[in-house]
There are 4 protein chains.
Amino acid sequence: MTVNGRTEGRRRRVPRQEREQQIIDVAVTVFAKRGYHAASVDEIAELAGISKPMVYLYLDSKEGLFLACLRREADRLVAAFQGAAQAGGGAPELRLHAGLSAFFAFVAEHRDSWVVLHRQASELSEAIASAVADARRAVMAQVAGLVWDGIAESAGGARLDDEDADFVAHALVGAADSLTDWMSGHPGQSPEGVTLRLMNMVWVGMGRVLEGEVWVPAERSDPT
Amino acid sequence: MTVNGRTEGRRRRVPRQEREQQIIDVAVTVFAKRGYHAASVDEIAELAGISKPMVYLYLDSKEGLFLACLRREADRLVAAFQGAAQAGGGAPELRLHAGLSAFFAFVAEHRDSWVVLHRQASELSEAIASAVADARRAVMAQVAGLVWDGIAESAGGARLDDEDADFVAHALVGAADSLTDWMSGHPGQSPEGVTLRLMNMVWVGMGRVLEGEVWVPAERSDPT
Amino acid sequence: MTVNGRTEGRRRRVPRQEREQQIIDVAVTVFAKRGYHAASVDEIAELAGISKPMVYLYLDSKEGLFLACLRREADRLVAAFQGAAQAGGGAPELRLHAGLSAFFAFVAEHRDSWVVLHRQASELSEAIASAVADARRAVMAQVAGLVWDGIAESAGGARLDDEDADFVAHALVGAADSLTDWMSGHPGQSPEGVTLRLMNMVWVGMGRVLEGEVWVPAERSDPT
Amino acid sequence: MTVNGRTEGRRRRVPRQEREQQIIDVAVTVFAKRGYHAASVDEIAELAGISKPMVYLYLDSKEGLFLACLRREADRLVAAFQGAAQAGGGAPELRLHAGLSAFFAFVAEHRDSWVVLHRQASELSEAIASAVADARRAVMAQVAGLVWDGIAESAGGARLDDEDADFVAHALVGAADSLTDWMSGHPGQSPEGVTLRLMNMVWVGMGRVLEGEVWVPAERSDPT
DNA sequence: AATGAATGAGAGTTCATTCAT
DNA sequence: AATGAATGAACTCTCATTCAT
């Protein structure tokens, strides 16, 4: 019943900055749970403990709200990723491992963020779709950078070009995303463990490719 | 432009079987382009060249329509996959390669089918969500089966258990899905080529894991 | 599977007359259960074992179908009523009793008919509404006639005029209709018994009015 | 015709309480005129001078709207009835007379309310049907109570049991309802007058039954 | 005599968005 | 800073009705 104090928890006369974050917090949850279209501004406002007009005052539109979510969560992910990768230290494979590890940890801990970033289907407006694409590209670039650096140093070879790194990054991120689902079915698995398994599965292959040991399907004609 | 004649080709008085397939054809396209919620039955009906009530007469509801799409495309994918894998012949790695190859070919050729199957966000009703989950599980099981068979034979070892196979299957499908996006940015790449690259990246790693050559991040403490 | 014979029960190649009655039979049931608007021609056609176009071919429209039901059931009721009243024989009160008795028996046995005749709310089109009103008026006229005849003879008095008879008829039919509901809550009660009770409640009052013994609320002013 | 000013009387920015009543007012009219199914929320909204979403915001659904109407009108009727019956004072027949009088007055004055309460056909959903049944039962209970009290006191006899009272109540309410129609054809008749006539018709009969003067159809066998 | 295929029109319902306070 | 009141537009779904065979 107190109106001005801090007793109420979160209500009345909160400065804009703070309110905005509250709204985005809730919105990420709801967008993740329902998807962009099925999410309703009504629900978000109610869960945020404010009225709808506030949402529009601060975030302009449903689209604006979603974009704000997207940006914030993308930033968070990139930050987590970079921090870990840099802290990973010397050897390139260690850096890649640290990066992937951070990635899994982030996704495991902030499922909603990841869902908002990556699992929004093609149902979005032009503006949003391109923002999502941007966010994805940013993540890819991080991973690709890691791969590139790492491998370029690791083997003497420089046969790995931009395209290759991008290819590997896509494969890694896709695998990681999918393993996110696998993790929900295996609650015992730590992000650390999953990272390790994935590293084992791909790292050698990446290196081996560079060394020229290319596998080719033997003794069989084109399946077409 | 003729209205009552036979000139129009696809119009009036089409038997149910055929119409149903027409509707599903269109629906897959639209669901893929817009996502479940953003897709409107109106648009589907119009593109199918019929009126809305026909859609409801034959498919019962938007949900029923989506489920029909889901089932048909899942069947198609599994069929394509199985056919190729069996045709792949003797060596396990060849079979896996053939399966993956079929997978990429399918996804590349029937993008819409794949999007409907795999890219529907969490915005779905209970019934649909579980149908989607079923479809995904079916695909996973195919891949996991291939991996399992293959590797079990390949190395003498039987250290690969159910969980491992499932892990690998998730990683592979995720990577493949993501590489699907990569392919749209690199139109020159054939599904064949992508398959080969992925195989190279992964196959050796899978084998190596079995042989006990496990990579572990050296000389570094827990990043936490 | 026999097509032309009588084996199938009711199907294929039934002459128009018969089909029409089948349809009306079903329609009365459905209209009674659902009400005019909530009843769907689809359901009626299906229950009648034929296709919708037949319904339209024979009865023209939903409205036409309902009118046909209305007419047939009204005729049936009037017939049952008249027959009984005439068979009731000499004394006027016996004739009234016999008429009411027939009425209750009919309503108890053909609930659907009565519901269609009397319980269709005001939700009907002009045409139908007036047909329903006609049917109701016909029933009222029967009862009013009975009352009139009866009482006119019974007492020497002729103080009962048209209006009075109509008043009594309305009261009687209304009471009877309502007692129909009461009967569903008391399954043990026979139509005969209900008739007797109602007669007892009303007959004397009717006579007494004629004899001038008019009751007037004593010693109290108008509540207005 | 002014749009934004205060001239319009009933428009923009009305507090919820008031709007709700306005909506229910209109809804009662429309439901009475058209019946539940034929009534359209569109029409109700338009007549209420608001947009459809307001109706749904305040009353949840068409069903909810109808239930609200039902409850309010039932309350009104019961209130009118009780008030009058209590004010009727001492003698039981006076109380019954007063009650019936109030009933007729209410029905004559609030035809729509009564139609909504009593004339909705069987076309309703489970929830509504039972609400209607409840409302009807409440009215019946009122009348039955009056009858019971009254007669129990009036004659020394206690031969009237629950069932009898209920029987009489049904007959009375049914008669009254039907006389409602009769009244529309005889505009000169006041509710007072109708009540008096009905009382004369039934009161004596009720008493006589108690005194044992039971009428039985003489000298005739079962009409069957 | 009979029907599968097809639709125009309209119902209830919801949502993102704004206005007035 | 904040909100109760209000709506245009769109969506899913149903129904009486007809056409072509």
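Note on naming: letters A, B, ... go to the chains in the order of the sequence lines (proteins, then strands), and numbering restarts at 1 for each one.
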| note | Pairs under 3.5 Å (Watson-Crick or G-U), crossing ones as [ ], inter-strand ones as |: DNA chain F comes out as .||||||||||||||||||||

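- Paired with C:Ser113 under the rule side chain to side chain donor-acceptor pair (under 3.5 Å), one option of C:Arg72, C:His118, C:Glu73 passes, and it is C:Glu73.
- The distance between atom CG of D:Leu57 and atom P of F:dT3, rounded to the nearest whole Å, is 16 Å.
- The CG atom of D:Asp25 sits 12.0 Å away from atom CG of D:Leu47, with the distance rounded to the nearest 0.5 Å.
- Residue-to-nucleotide proximity on DNA chain E shows that, of C:Tyr58 and B:Ser51, the 5′-proximal contact is made by C:Tyr58.
- At whole-Å resolution of the value, CZ in C:Arg19 and C1' in E:dA2 are 9 Å apart.
- Using a 4.0 Å heavy-atom cutoff across all strands shown, D:Pro15 reaches sugar-phosphate atoms only and no base atom.
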| Contact state string [nucleotides 10-16 of chain F, B base, S sugar-phosphate only, - no protein heavy atom under 4.0 Å] | -SBBBBS

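- A:Asp134 and A:Arg71 are not joined by a salt bridge, as no carboxylate oxygen comes within less than 4.0 angstrom of a charged side-chain nitrogen.
- Qualifying side chain to side chain contact (heavy atoms under 4.5 Å, CB included) partners for D:Ala133, counting only residues two or more places apart in sequence or in other chains: D:Arg137.
- A 4.5 Å side-chain heavy-atom check between C:Leu70 and C:Leu117 finds at least one atom pair inside the cut-off.
- Within the model, atoms CG of A:Leu65 and CG of A:Asp60 stand 10.0 Å from one another, a figure rounded to the nearest 0.5 Å.
- In the displayed structure, D:Glu46 atom CD is contacted under 6.0 Å by at most 12 heavy atoms of other residues, nucleotides or ligands.
- Between the C1' atom of E:dA1 and the CG atom of C:Leu59 lies a distance of 15 Å, rounded to the nearest Å.
- At whole-Å resolution of the value, CZ in A:Arg34 and P in E:dT14 are 14 Å apart.
- Rounded to whole Å, the distance from CZ on D:Phe31 to C1' on E:dA11 is 13 Å.
- Atom CD in C:Glu18 sits roughly 15 Å away from atom C1' in E:dA2 (whole-Å rounding).
- Using a 30° and 60° split on the angle between ring planes, B:Tyr36 and B:Phe66 fall in the perpendicular class, above 60°.
- Atom CE in B:Met54 sits roughly 15 Å away from atom C1' in F:dT17 (whole-Å rounding).
- Following rounding to the nearest Å, C:Glu20 (CD) and E:dA2 (C1') show an atom-to-atom distance of 15 Å.
- When each of D:Gln17, D:Gln22, D:Arg16 is tested with D:Glu20 by the rule side chain to side chain donor-acceptor pair (under 3.5 Å), just one qualifies, namely D:Arg16.
- Phosphate proximity of E:dA6 to B:Arg16: absent, as no side-chain N or O sits under 4.0 Å from OP1 or OP2.
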